[in-house]
Q: 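Quick one: this structure, given as C-alpha cells, is what I'll be asking you about.
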Amino acid sequence: MTKSIPAKKYNIQTGETIYTAKAKCPELIIVPPNYGLYMQCSRAFGDILREYSPLVEQYSIDEYFIDFTNMGRIYADPVEAAYIIKERIKEELGFTVNIGISTNKILAKMASELKKPDKVHTIFPHEIADKMWCLPIEELFMVGRATAKKLRSRAINTIGDLAQADLKMFKLFLKSHGVLVWNYANGNDISPVRENRRTMIKGIGNSTTISFDVEDKTTAHLVLLSLTETVASRLRQAEYCACLVSVSIKTNEFYSCSHQRKLASAKDCTNAIHEIACELFDELWKGEPIRHLGVRVSELCRNYFMQLSLFERDYEKQRAVDRTVDSIRERFGPDAVFRSSFLNSGVRFRSGGTIDDEEYPMMSSVL
DNA sequence: TCTGGGGTCCTAGGACCC
DNA sequence: TCTGGGGTCCTAGGACCC
C-alpha cells in the first residue's frame, strides 16, 4: 500500500507489488494496515488542532486544513505557530507531521508536500514561481496519470509550464479539468476551510479481487452475495435506501466493464439487492475468467418511510430478517451468523467495507 | 505498468418528451 | 417518415483523490 521513509531509500514505490519490493530490499519488513489505530491517531491529531483554531477541516485520514485567519492576535507568526503544533504532535502522539502554510488551500496543500518528514513549509503567492513552478507536472494536485500524459505530450513538463500556458487553449484541450489544473498551477483557489459538514453520502460500494479466477456463474453469484451482505448492511446502518444498483467486473486480462439499473422503488434488503446484482451480472458477463467483482448502490434516500410498489413483492418480512441479522451481528460479532451457502464454498461470507463507517472521514477529490 | 479498495465528479451518447 | 429546438433522464466509462 505504502512505503516508510527508510524503505523509500531502496526506491520502493507506493503501490508496488510485494514481490518487486522484496527484490529491491530482501530484508524489507511488511506490516499489515491497522485502521483502528489510524483512526485513533487521526482523531487525537484533530483534537490538538482544534485547540489552535475554531475552524478545522478534516480532509482525509491524515490531512487537516486549519483556518488561521485572525489568529495573528494570538500567534505573531503562523510559521512559529506551525512549529509549536508540529512539536506538540510529535511529543504527545509520537508521529511526525508536515505543515504547509499559505493564503489558500491549494497552496497550503502543495506546501505541505514539499519535503518530508517533520517539516514546515510556506508557499505564499510571491513564492509560487520559486517553490512550485520548478516541480514536475505530476506533483500538482489533480494531475494524475492521464492528465500528466496529455500535458507532457504538449511539452508541458513542469507546473510552471502549465501556469504559463494559454488558458483558452486549455479549455479546448482539457475542458473544465484543464481550467481547474491551470488555476491550481497559478495558485488560484477560493475554496473555504469548511466545518466537516455531515454531507449526504452519494453511494456505498464494495469490491474485491478474488484469490482465484471465477469461471462459473454460481461462484460469481456467491461472491456478489458476500459483497452485497456488507454493502446492504452498511446501507441500513447509515439509514438509507438505494435506487440504483451497479455491478462491475474485471477479467483476468484486466478488461473492466460495468452495468447498472435504476430501481422502481428504493431498497435496502440484502436479498433484493443481491437478486438485482445477479441479474446485472448475467447480462454483463460474457464468460471470461473473472478476477475482480464489485457491487455498488447509489441514488440514496432516507429509509424512514418509502413508497411501496403495487407490482413488486412486499419486502417487509425481508427487512425484518435483515434487521434481526444486523442486530445479532452487532451484539455477537459479524461472524455470529452467516448463510449456509458459503459453507465449504471457498468464498468469504462477507467481504469489503470499512472498519467504522460512522467515523471514517469522507474523502473527496475536491478542495 | 497495473497494487487494491474506498470514494466523487464529469462527459458523452442515446432515448425519450413536447 | 422525418422536420427542428428545447429539455431531461439513463447508462457507461474515465479521471481524480487517499
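Note on naming: letters A, B, ... go to the chains in the order of the sequence lines (proteins, then strands), and numbering restarts at 1 for each one. As the structure is a prediction and not an experimental result, all values here were calculated from the model. Below, all heavy atoms of this structure are taken into account, side chains as well, without hydrogens, waters or symmetry copies.
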Q: Does a side-chain N-to-carboxylate-O contact under 4.0 Å join A/E229 and A/R329?
A: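 Yes, A/E229 and A/R329 are salt-bridged.
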
Q: Between A/F68 and A/Y75, is the ring centre distance below 6.0 Å?
A: yes

Q: Let me know the distance between CD of A/E63 and P of C/dC16, rounded to the nearest Å.
A: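 Distance check: A/E63 CD to C/dC16 P gives 17 Å.
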
Q: At less than 4.0 Å, is any side-chain N or O atom of A/H259 found next to OP1 or OP2 of C/dA12? Yes or no.
A: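 Yes.
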
Q: Ignoring backbone atoms, test whether A/K202 places a side-chain nitrogen or oxygen under 4.0 Å from the OP1 or OP2 oxygen of B/dT8.
A: no

Q: C/dC16, OP1 or OP2 - any side-chain N/O from A/T147 closer than 4.0 Å?
A: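 For C/dC16, OP1 or OP2 has a side-chain N or O of A/T147 closer than 4.0 Å.
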
Q: Can you check whether A/N206 has a side-chain N or O nearer than 4.0 Å to OP1 or OP2 of B/dG5?
A: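 For B/dG5, neither OP1 nor OP2 has a side-chain N or O of A/N206 closer than 4.0 Å.
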
Q: Base, sugar-phosphate, or nothing: which does A/K149 touch, judged by heavy atoms less than 4.0 Å apart?
A: nothing

Q: Does the ring centre of A/Y64 sit less than 6.0 Å away from the ring centre of A/F45?
A: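 That pair passes the under 6.0 Å test.
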
Q: Reckon A/T208 touches a base, only the sugar-phosphate, or nothing at all at heavy-atom distances under 4.0 Å?
A: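 Sugar-phosphate, backbone atoms only, no base.
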
Q: Scan side-chain atoms only and decide if A/E239 and A/N303 contain a donor-acceptor pair under the 3.5 Å cut-off.
A: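 The answer is no; no qualifying pair exists.
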
Q: Determine: side-chain N/O of A/K250 to OP1/OP2 of B/dG4, distance under 4.0 Å, yes or no.
A: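 Answer is no, no contact under 4.0 Å.
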
Q: For the C1' atoms, the ones on C/dC17 and on B/dT3, what distance do you get once it is rounded to whole angstrom?
A: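 Going atom to atom, C1' in each nucleotide, I get 16 Å.
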
Q: Can you work out whether A/L227 or A/K175 has the more 5'-proximal nearest nucleotide on DNA chain B?
A: A/L227

Q: Taking only N and O in the side chain of A/S176, is any of them less than 4.0 Å away from OP1 or OP2 of B/dT11?
A: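 The answer is yes; a side-chain N or O of A/S176 sits under 4.0 Å from OP1 or OP2.
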
Q: A/H292 side chain N/O closer than 4.0 Å to the phosphate oxygens (OP1, OP2) of B/dG5?
A: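 Yes, A/H292 has a side-chain N/O under 4.0 Å of OP1/OP2 on B/dG5.
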
Q: Does the side chain of A/S258 get closer than 4.0 angstrom to OP1 or OP2 of C/dA12 through an N or O atom?
A: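 For A/S258, the contact criterion (side-chain N or O under 4.0 Å from OP1 or OP2 of C/dA12) is not met.
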
Q: Contact class for A/G203 (heavy atom, under 4.0 Å): base, sugar-phosphate, or nothing?
A: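 Sugar-phosphate, no base atom in range.
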
Q: With rounding to the closest Å, how many angstrom separate the P atoms on C/dA12 and B/dG4?
A: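 After rounding to an integer number of Å, I get 24 Å for this pair.
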
Q: Does C/dA12 have its OP1 or OP2 closer than 4.0 Å to a side-chain nitrogen or oxygen of A/R261?
A: no

Q: A/S246 and A/R261: side-chain donor and acceptor closer than 3.5 Å?
A: no

Q: Quick check on B/dG6: is either OP1 or OP2 less than 4.0 Å from any side-chain nitrogen or oxygen of A/S207?
A: yes

